[in-house]
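To start, the structure under review is shown below, and the notes come after it.
Note that the numbering runs from 1 along the sequence shown for the chain.
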Amino acid sequence: MKKIHVFALNINDICEDSLNLLHKKQQERIKNIKNKNARKQALAAELLVLYIVKKFKPKNISIPPLRIAGEFGKPYFAENTDFKFSISHSGQWAVIAVSDCEIGIDIEKIGKLRTSVAKRVLNEKEKQEFFSLDINSQKIRFYDYWVLKESIVKATGRGMNDSFSDIYIRFAHKTRAEIDKKEVQLLLLPFESEYKMGICIFSKEIYKIFTKILSYHEIIV
């Protein structure tokens with residue numbers, strides 16, 4: 001059985017002095033983010049990238065690492081494209097998933113029911129299921145759909161260039177979707193009650209997922 005590791009870091013636990021641990025290019029990028037919360041989210045995400053490189057020691061990647069982004073934002077290391085990971089952040093959390101296959105992760109803080117957005121991002125079959133639910137269930141289901149669709153477009157590397165309404169998610173004992181005529185695995189991961197977290201795995205193999213909330217000390221040692 002293969003493994004996927006998911007690590008989470010609370011942005012309120014970090015110190016902005018840790019910016020100095022990052023590659024100079026990442027330092028400059030984060031310094032230019034004006035919104036304080038967005039800046040802390042970005043810093044936490046890069047600290048998680050630093051953590052996975054130190055922990056898994058992928059070949060040819062130096063410390064501090066410099067991850068780059070594809071045309072639609074998919075992160076990767078030019079020195080080792082076989083080292084697969086995905087990043088997300090929302091509210092007070094940043095998360096990262098590490099695997100040996102194409103992977104996408106998304107976390108979202110549960111907010112208001114956005115019915116107008118649901119009408120835009122769900123396809124007709126999904127709408128039938130969604131609008132058959134009561135209002136409270138619709139709110140939860142909306143964020144289920146959102147994090148899973150986000151995780152899919154992160155895994156494909158095409159980002160929002162893929163229309164959410166073109167993706168059909170079938171909720172069942174094993175949640176599935178078909179992307180580029182390939183079936184992918186989708187999972188909703190347990191996390192804090194105010195958040196939804198979803199993951200997309202571009203593989204038919206069985207994976208065991210290990211989720212860990214990291215302390216700031218574990219990141220910087």
(Q) Around atom CD1 of I206, are there more than 12 heavy atoms from other residues, nucleotides or ligands closer than 6.0 Å? (A) no

Q | Single-linkage hydrophobic cluster, 4.5 Å side-chain cutoff, L43 and V53 together | A | yes

Q. Would you say the side chain of R114 lies within less than 4.5 Å of the side chain of R120, judging by non-hydrogen atoms?
A. no

Q) Taking all atoms of both residues into account, what is the closest heavy-atom pair of A97 and I199, and its distance? A) CB-CD1, 4.1 Å

Q) Roughly how far apart are W93 CH2 and I213 CD1, rounded to 0.5 Å? A) 4.0 Å

Q.
In this structure, would V95 and V49 fall into the same cluster of hydrophobic residues linked by side-chain contacts under 4.5 Å?
A. no

Q: Looking only at non-hydrogen atoms, find the nearest pair between M197 and P190 and report the distance.
A: CE-O, 4.4 Å

Q.
Quick check: closest heavy atoms across I103 and S99, and the distance to 0.1 Å?
A. CD1-CB, 3.8 Å

Q. Looking at Y145 versus F171, is the centre-to-centre ring distance below 6.0 Å?
A. yes

Q | Residue pair L214 / K212, side-chain heavy-atom distance below 4.5 Å | A | yes

Q. Q185 side chain to E205 main-chain N or O, any donor-acceptor pair under 3.5 Å?
A. yes

Q. Is E124 salt-bridged to K127, going by a charged N under 4.0 Å from an acidic O?
A. yes

**Q.** Side-chain donor or acceptor of K109 paired with backbone N/O of G91 under 3.5 Å
**A.** no

Q) So which heavy atom on L50 is nearest to which on P65, and how close? A) CD1-CD, 3.6 Å

(Q) Would you say that more than 12 heavy atoms from the other residues, nucleotides or ligands in this model lie under 6.0 Å from the NZ of K125, or not? (A) no

(Q) Quick check on side chain to side chain contact (heavy atoms under 4.5 Å, CB included): which of I11, I30, L19 does R39 satisfy it with? (A) I30

Q) Does NZ belonging to K54 count more than 12 external heavy atoms closer than 6.0 Å? A) yes

**Q.** Name of the residue among L148, N123, D144 meeting side chain to side chain contact (heavy atoms under 4.5 Å, CB included) with I169
**A.** L148

Q. Considering all heavy atoms of both residues, which atom of Y51 and which atom of I219 are nearest to each other, and what is their separation?
A. CB-CD1, 3.7 Å

Q. Between S151 and D106, is any side-chain donor less than 3.5 angstrom from a side-chain acceptor?
A. no

Q) With hydrophobic residues grouped by side-chain heavy-atom distances under 4.5 Å, do V221 and L22 end up in a single group? A) no

Q. Once the angle between the rings of H5 and F210 is folded into 0 to 90°, is it parallel (under 30°), tilted (30 to 60°) or perpendicular (over 60°)?
A. parallel

Q. Does a salt bridge link K84 with E102, judged by any charged N lying under 4.0 Å from a carboxylate O?
A. yes

Q) What about L133 and V117, same hydrophobic cluster or not, with Ile/Leu/Val/Met/Phe/Trp/Tyr joined at side-chain heavy-atom distances under 4.5 Å? A) no

Q | Approximate separation, where rounding is to 0.5 Å, of L9 CG and S215 OG | A | 8.5 Å

Q) Quick one: does Q92's side chain have a donor or acceptor within less than 3.5 Å of a partner on N10's backbone? A) no

Q) Within 45° of the six-membered ring axis of F85 and under 6.0 Å from that ring's centre, is NZ or CZ of R67 located there? A) no

(Q) Test of understanding: clusters of I, L, V, M, F, W, Y form through side-chain heavy atoms closer than 4.5 Å, transitively. Do I87 and L48 belong to the same one? (A) yes

**Q.** Heavy-atom closest pair, residues Y76 and G70
**A.** CE2-N, 3.7 Å

Q) Using the ring of each side chain (for Trp, its six-membered ring), is F164 parallel, tilted or perpendicular to W146, with breaks at 30° and 60°? A) perpendicular

Q | Side-chain heavy atoms of F142 within contact of L122, under 4.5 Å | A | no

Q: Might you work through the side chain to side chain contact (heavy atoms under 4.5 Å, CB included) test for F83 and I52, ending with a clear yes or no?
A: CA-CA 10 Å; F83 187 61; I52 64 168; 3.7 Å; yes

Q. Any donor-acceptor pair under 3.5 Å linking the side chain of N80 with the backbone of K59?
A. yes

Q) Are Q26 and R29 close enough that a side-chain donor and a side-chain acceptor fall under 3.5 Å? A) yes

Q. Is the backbone of I167 close enough, under 3.5 Å, to the side chain of K149 for a donor and an acceptor to pair up by distance?
A. yes

Q | I140 vs K196 side-chain heavy atoms within contact, under 4.5 Å | A | yes

